[in-house]
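Remarks on the structure that follows.
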2 protein chains.
Amino acid sequence: MTNGLTIGAFAKSVGVRADTIRYYERHGLLADPGRTAAGYRIYDARDVERVRFIRKGKHLGFTLKEIGTLLSLHSSDTARAADVLDITQRKIAEFKSQISDLSQIEAALQRLADECPVNAPATDCPILAHLAALPERQGERED
Amino acid sequence: MTNGLTIGAFAKSVGVRADTIRYYERHGLLADPGRTAAGYRIYDARDVERVRFIRKGKHLGFTLKEIGTLLSLHSSDTARAADVLDITQRKIAEFKSQISDLSQIEAALQRLADECPVNAPATDCPILAHLAALPERQGERED
DNA sequence: CTTGACCTTGGACTATGGTCCAAGGTGCAC
DNA sequence: GTGCACCTTGGACCATAGTCCAAGGTCAAG
């Protein structure tokens, strides 16, 4: 029986702050919870599962908005696996693109760093030289 | 003679909005420019170079704060190449770490997506199953 | 009955990098 | 001399995902 938790205990049990729970509620990820006579929010085991779902979704790189969609697919009885797959594929594509961008930049920085003479004044640094390069001279090394 | 540009023309010449130029100024990346009698900002070729430096820095993934540091190293006559290299290495490390994180998540999503039966109700989707998994059952497939 | 820990609300603040707006002044062309 | 395009300023707003705060209400212990 983990039911009847107030927000603080509930939040602690799922490893987030009480503010985060209220934030999820305000943003439609959690339904309005039950309340005590005094107006205190009360959570039960189902809420625990729901927050864990959200946390795992975040862990997989989904935004809260996407997680909201995933949650509604999860609760729907007409939703198809393809709907979930679609969101997932999009996310995969997004990550691939980000990885590709980051890799290219990283490689460019690495090339510049490799040429950088440590024991020299900054004026000899190819990194600064690259940043300060005139547009005309860029044909040398640009995509 | 590209000197004596007002902010709009200047911004256009470097491919940004006038607001962006003011933003850079407010954030210390551009020094206070000269002014006409009426108070209009006036820019010259050196400013063009400086903004291009900033843009290229952004292109290489540096934050404006880092670019500010790079700019001051660029204008310093005591700065050493090692100072620039240091910032660059940090950025490279940051990117490597991001790439690694993204790759792991992407792989995890790909594994789930590969198992997802397209023509099935969402209840059979391993992606939702993973998100909804109880903490106890996670030992099966977690790091 | 008081104290401390908890809860309520709405709103402000964080970081990042701009973008947009309103109210008013300027510059140039026709 | 009027209209339009530009400029000025300060401040508000966008997305993201929270975090923190103040003022006030509640609950249980001692």
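First the proteins, then the strands, lettered A, B, ... as listed; each starts at 1. Since we're looking at a predicted model, the values are computed, not measured.
Applying the salt bridge (Lys or Arg N to Asp or Glu O under 4.0 Å) test to every pair with at least one member in residues 57-81 of chain A, sequence neighbours left out, gives these pairs: A:Glu66-A:Lys91.
In this structure the side chain of A:Val48 never reaches within 4.5 angstrom of the side chain of A:Tyr43, judged on heavy atoms. Contact check for B:Cys116 versus A:Thr88: no side-chain heavy atoms found under the 4.5 Å cut-off. No side-chain heavy atom of A:Ile127 sits less than 4.5 Å from a side-chain heavy atom of B:Ile87. The shortest distance between side-chain heavy atoms of B:Pro33 and B:Ile42 does not fall below 4.5 Å.
Residues from residues 24-35 of chain B with heavy atoms under 4.0 angstrom of DNA chain D, sorted by number: B:Arg35. Near DNA chain D, defined here as any heavy-atom distance below 4.0 Å, the residues from residues 62-71 of chain A are A:Thr63, A:Leu64, listed numerically. Remark: nothing in residues 95-102 of chain B comes within less than 4.0 Å of DNA chain C through any heavy atom.
Summary for the helix from C:dC1-D:dG30 to C:dC30-D:dG1: the axes at its two ends, each from 5 pairs, differ by 30° when rounded to the nearest 10 degrees.
Judged as a ring pair (Phe, Tyr, Trp, His ring centres under 6.0 Å), and not counting sequence neighbours, B:Tyr40 has no contacts. The salt bridge (Lys or Arg N to Asp or Glu O under 4.0 Å) test applied to A:Arg46 returns A:Asp44, not counting sequence neighbours. In this structure B:Asp101 satisfies the salt bridge (Lys or Arg N to Asp or Glu O under 4.0 Å) test with no other residue, sequence neighbours excluded. Shown here are the ring pair (Phe, Tyr, Trp, His ring centres under 6.0 Å) partners of B:Phe53, two or more places apart in sequence or in another chain: B:His74. Checked against salt bridge (Lys or Arg N to Asp or Glu O under 4.0 Å), B:Arg50 has no partners two or more places apart in sequence or in another chain.
Using a 4.0 Å cutoff to heavy atoms of chain B, the contacted part of DNA chain C runs 5' to 3' from C:dG17 to C:dG27.
Each of B:Asp19 and B:Ile7 lies near DNA chain D, and the nucleotide nearest B:Ile7 is the one positioned closer to the 5' end. DNA chain D is contacted by both B:Gly8 and A:Lys58; B:Gly8 maps to the nucleotide lying nearer its 5′ end (nearest heavy atom per residue).
The closest donor-acceptor contact from the side chain of B:Ser97 to the backbone of B:Ala93 lies at 3.5 Å or more, if one exists at all. Of the possible donor and acceptor atoms, one in the side chain of A:Lys56 sits under 3.5 Å from a partner among the backbone N and O of B:Ala133.
Interatomic distance, A:Leu85 CG to B:Glu115 CD, rounded to the nearest 0.5 Å: 11.5 Å.
Annotation: A:Asp114, atom CG; neighbour count of heavy atoms from other residues, nucleotides and ligands within 6.0 Å is above 12.
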Show the atom names and distances, to 0.1 Å, of all donor-acceptor pairs under 3.5 Å that link a side chain in residues 17-24 of chain A to residues at least two apart or in another chain.
residue	atom	partner	partner atom	Å
A:Tyr24	OH	A:Arg55	NE	3.4
A:Tyr24	OH	A:Arg55	NH2	2.5

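Note: CD1 (B:Ile21) to P (D:dC7) measures 11 Å, nearest angstrom.
Distances shown here put every side-chain N or O of A:Arg22 at or beyond 4.0 Å from the OP1 or OP2 atom of D:dC20.
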